[in-house]
Amino acid sequence: MFPLSSMNDLRFAFRQLLKNPGFTFVAVLTLALGIGANTAIFQLLDAIRLRALPVKMPQELALVQMADMTGARGSFNSAYPAVTNPLWERIRDTQQAFSGLLAWSADSFNLATSGEPRFARGLWVSGDFFRVLGIQPVLGRVFTTADDQRGNGLAEAIISFAFWQREFGGDSSVIGRKLTLDGHPVEIIGVTPASFFELEIGRSFDVAVPISSEAILFGADNRLEAGTTWWLTLMGRLKPGWSFERAATHLSTISPGIFESTLPTNYPSANVTNYLGFKLAAVPAGTGVSSLRQTYSRPLWLLLAIAGLVLLIACANLANLLFARASAREREIAVRRALGASRGRLIRQLMSESLLLAAAGATLGWLLARLLSQFLVAFLSTEGNSLFVDLNLDWRVFAFTNGLAGLTCTLFGLMPALRGTRTSPSVALKAGGRGMTASRERFGLRRALVVSQVALSLLLVVSALLFSLSLRNLMTLDAGFQQDGVLIAAVNLSRLNLPLERRQPFKGELLEGLRAIPGVDAVADATQLPLSGNSWDNKVWMEGSHAEESKDSFFSRIGAGYFKTLRTPLQSGRDFDDRDTLTSPKVAIVNETFARQLVTGANPVGKRFWKETTPSERQTLYEIVGVVKDTKYHDLREDFVPIVFLPASQDPSPAQGHLVLLRSKSSAAELMSSVKRRLGEVNPQISVAFEVFKTAIQNGLLRERSGLVDCWMNGSVAVDTINPFIHPSTNPMSHPSTHPFIR
């Protein structure tokens, strides 16, 4: 039981604080701001790094991945360790370490039947996905292995609890109803519980469909047989008695047979040895996967340290206030000591007041932390790319806040209590005696606290100025193109079912129609945008040199007028035009860095270079027809890299959609309306989504705004542009990543 004397101390302390409402209000508010800020940041760290997945026995889950991806070729459609579907099926049928194995991949599905798309966050999942995780539906049922078989008829879908509430108002008759995903009807068979978001921290899902549904939803463009499309992430539940080390050893042992039996026929011969030498591994995955950990963990830790400094400043300020308060109460303390109260008893009494202040500050801080953490998540989100972070409180956040309250109570309360009870009663009660107020030592302590406050505040101000300067330098950096006045339109032609030979001509006719819109100055298409997060690189070498002298260069496939649209100056040679067709010699435009690093001395126009063999193209010779000014490719902080631009008109396998860039002096809203009207006149089945190019670039600076500490300390940091049309790709060396909207 709580000691009676302690209860009396707390009641007396409460009365004392009520007698000084101004002091109490300032003290509680100061602590609430400091504790609330620290708790909010720790809450995000807890959700991103420490919290286990909301599934059954998460500590038994292992991520199955490649031990080393060196030499992997093809299209990489996931930001996480991924395998191809043939590999997944072979691993599933061969492994003995897991009682259950699952696969999944994130995607986006268009819910609209026509016009502007309305995207839902999607998941491709294996039949055992929910069973292995121990997820029980609140309505209907979950998938089984029978639902994930090649050749199944109508696709089925499971929706999340949040999607059920948002789209169907929580209607219990939702089971059996139909959704339209990318123009295909699917039947809803189940609803997952509210606690399950998915296995990626920072993302929630709306709709899950079986992996085998790829064949139904996307026909010949599906990835089920693609041995060079890396898109599925694997996770397994360890069998009883198995450790992660034993599972990793088992996977390594069976790897040679798995990779030998799944070697793709189109795998580049130069990398076949790499493929056959790949090894599988298993690592703990109880906290899920997340790119947020790599992107934001260090900035959040450093931000927590900064918030800790703010709390120290608050504690120093409160300690000074308590010193002043103790000075005003020195006669009261002296009388109580003269009447027999021990110094320890008085210290406990004064610390009771500090404890009440800390408790009140922590309670208010809890409420403030909730608002601050939600603000931080909203700050890091962009339109079309909202982050999902589980901000429900758990024992770690509770323990952190309580520990912080106890620490602050000690920091700001103990020293004034010790000093306030140190003066002897005779000195304090002496008529005319100045007691503590005249103590040189007391003034020295208070001056030291003031100096520490000023020093810490100055450190924070200087840091903020340096961080702001770093951001300003990025905002004013010459990236090699002009972002103002450009609208991005992601055009989807998949519902037209155009044959391969009609896609390029139809796209050309479409672009001509968009160029005719009043107020449009330039129009061009591209497979990817600068600073989009996607990358495509291959080894190249000049004609007459050896492949051993090759150098990595980055690629982008663009349409005629691309440089005019982005206002990137052409330094020499020509732009792409009608001469560049599928049957004409292969041509390319390179940037200044490519010319400087690979073509020494002479004018590069007219020179030719080889591009290495890839899964989609044999070793090819390209002629350089132009040189353009250097532009940024991955991020604003990088040095300029060699870039090769290839004409979209020479793409042997054009996608069923593309990104269109339009430069216009018209407002974005007016231009969007004109583009939608023009595309609707061509065919109402054409879907289009929009984003302002400058907005996309500014969204890419989110990590700079949140991770300025990294910028300042390291001098460099990647800019992760969050584009609503393009998933970030980790493609190391071969082919543009698959577009979630353009397939």
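As a basis for the values below, the full set of heavy atoms in this structure was taken, side chains included, without hydrogen atoms, waters or symmetry mates.
- The stretch residues 505-517 participates, sequence neighbours left out, in these side-chain hydrogen bond (donor to acceptor under 3.5 Å, both in side chains) pairs: Lys507-Asp525, Glu512-Arg515.
- Residues Phe563 and Ile558 are in side-chain contact: their nearest non-hydrogen atoms beyond the backbone lie under 4.5 Å apart.
- Aromatic rings from Trp124 and Phe109 are positioned such that their centres are separated by under 6.0 Å.
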Side chain to side chain donor-acceptor pair (under 3.5 Å) for Arg121 and Ser204? Distances and angles first, verdict last.
CA-CA 7 Å; Arg121 294 180 293 270; Ser204 61; 3.3 Å; yes

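- Between the side chain of Glu592 and the backbone N or O of Asp630, at least one donor-acceptor pair lies under 3.5 Å.
- Side-chain contact between Arg150 and Glu225: present, with at least one pair of heavy atoms (C-beta onward) separated by less than 4.5 Å.
- Ring centroid separation for the pair Tyr622 and Phe555 does not come in under the 6.0 Å cut-off.
- Taking 4.0 Å as the cut-off between side-chain N and carboxylate O, Lys586 and Glu617 do not count as a salt-bridged pair.
- In terms of modelled atom types and a separation under 3.5 Å, the side chain of Tyr267 and the main chain of Arg73 share a donor-acceptor contact.
- Applying side-chain contact (heavy atoms from CB on, under 4.5 Å) to Val207 and the options Leu179, Asp107, Ile188 leaves one that passes, Leu179.
- Looking at Thr565 and Phe481, their side chains never come closer than 4.5 Å, going by heavy atoms from C-beta outward.
- Judged purely by atom type and a 3.5 angstrom limit, Ser160 uses its side chain to pair as donor or acceptor with the backbone of Phe205.
- Annotation: salt bridge (Lys or Arg N to Asp or Glu O under 4.0 Å) contacts of Glu670 (sequence neighbours excluded): none.
- The structure places CZ of Phe693 at 6.0 Å from CG of Leu529, a figure rounded to the nearest 0.5 Å.
- Take Asp575 and apply the side chain to side chain donor-acceptor pair (under 3.5 Å) test, not counting sequence neighbours, and it matches no residue.
- When atom types are taken as modelled, the side chain of Glu612 and the backbone of Lys539 share a donor-acceptor pair closer than 3.5 angstrom.
- At distances below 3.5 Å, at least one donor-acceptor pair connects side-chain atoms of Ser584 with backbone N or O atoms of Arg579.
- For Ser75 and Asn77, the side-chain atoms include at least one donor-acceptor pair closer than 3.5 Å.
- Here the side chains of Thr631 and Pro530 are not in contact, with every heavy-atom distance at 4.5 Å or above.
- Leu510 is listed as a side-chain neighbour of Leu493, based on a closest heavy-atom distance under 4.5 Å.
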